[in-house]
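Written below as structure tokens is the structure these notes are about.
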Amino acid sequence: MNKTKRAAVIAGNWKMNKTPSEAKTLLEQIIPVAKGADCEVIACVPYVDLAVAIETVKGTNVKIGAENCHWAESGAFTGEISTGMLKEIGVEYVVLGHSERRQYFGETDETVNKRTKAALAAGLKPIVCVGELLWERECNITEEVIARQIKLDLYDISAEDAKKTIIAYEPVWAIGTGKTATADQAEEVCAFIRAQLAKQYDEQTAQAITIQYGGSMNDANAAELLSKENVDGGLIGGASLVAEKFGAIIDAATKG
Ligand code: PGA
């Protein structure tokens, strides 16, 4: 299997942006630019926007994801949201282990692993984020950091479930900074991730898993990044909040 046989997935990560009414407006702008796309198109939106987002995209090719979920079915976890809550309203995807969760909210590889398992058990498709800090890249330990994250985040997850998981490579130094990894840097680490997956599972499983790049991907750099063999899609923050930029990235994925 090669790139052309893997699902290309362009996902917006809205972060803490857009009220429900603003979400509806933005999705109404995204729907026409996503129409006919030869890739999967997802908008991962804040919890309170999910219901209106799902209603708005009904009958279109745009899918909706959440930005996190808890591993427990229910209980004393103030402020958290369970996979059952997401499933019941029709959420399909969930971003897990985003560097902002790791950096500001104490997320660890252990909790990312628990959340990923819970998401898969509930039938949600996880988008698991990994990536090195600038300091780690400068110290030349990018591969060690990524291998550790892939091993721990996917610990005890079967090959069958791993194939339902999307990995997003997001170098932390490139997120929201305007500093994109070069296409070669992105390809190098995405290829490393695939090799790591082949070690952990097998070559066929590794070849089937969609690996995205994320970190200042935009309408100007998407085509080059997405042309790389191991870059199967993108997880897009800032540029996913502007329909025409997001549309241009979808176009680039369709052509790439
Ligand atoms: P950015 O964010 O595109 O704004 O850099 C990417 C992400 O955090 O997923």
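Order of listing sets the numbers, starting from 1, for every ligand and every atom in it. Note: hydrogens, waters and symmetry copies are ignored here, and every other heavy atom, side chains too, is used.
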Report yes if the side chains of Asp49 and Lys24 come closer than 4.5 Å at any heavy-atom pair, otherwise no.
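Answer no - side chains too far apart.
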Can you sort out which atoms of ligand 1 are near [X], meaning under 4.0 Å from one of its heavy atoms?
{"X": "Gly215", "value": "5 (O)"}
{"X": "His98", "value": "7 (C), 8 (O), 9 (O)"}
{"X": "Ala174", "value": "5 (O)"}
{"X": "Gly238", "value": "1 (P), 3 (O), 4 (O)"}
{"X": "Gly176", "value": "1 (P), 4 (O), 5 (O)"}
{"X": "Ser216", "value": "1 (P), 3 (O), 5 (O)"}

Heavy atom under 4.0 Å from ligand 1: found in Ile175's side chain, backbone, both, or neither?
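It is both parts that get close, each with some atom under 4.0 Å.
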Where do [X] and [Y] come nearest, in terms of heavy atoms and distance?
{"X": "Leu96", "Y": "Pro126", "result": "CD1-CB, 3.8 Å"}
{"X": "Val9", "Y": "Gln212", "result": "O-NE2, 3.0 Å"}
{"X": "Asp232", "Y": "Lys3", "result": "OD1-CG, 3.8 Å"}
{"X": "Cys69", "Y": "Val94", "result": "N-CG2, 4.0 Å"}

Glu107/Arg115 ion pair, N-O < 4.0 Å:
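A salt bridge links Glu107 with Arg115.
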Give a yes/no verdict on whether any heavy atom in Gly214 is under 4.0 Å from an atom of ligand 1.
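No, Gly214 has no heavy atoms under 4.0 Å from ligand 1.
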Quick check on Ala239 - does any of its heavy atoms sit under 4.0 Å from an atom of ligand 1?
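No, that is not the case, since the closest heavy atom of the residue is not under 4.0 Å from the ligand.
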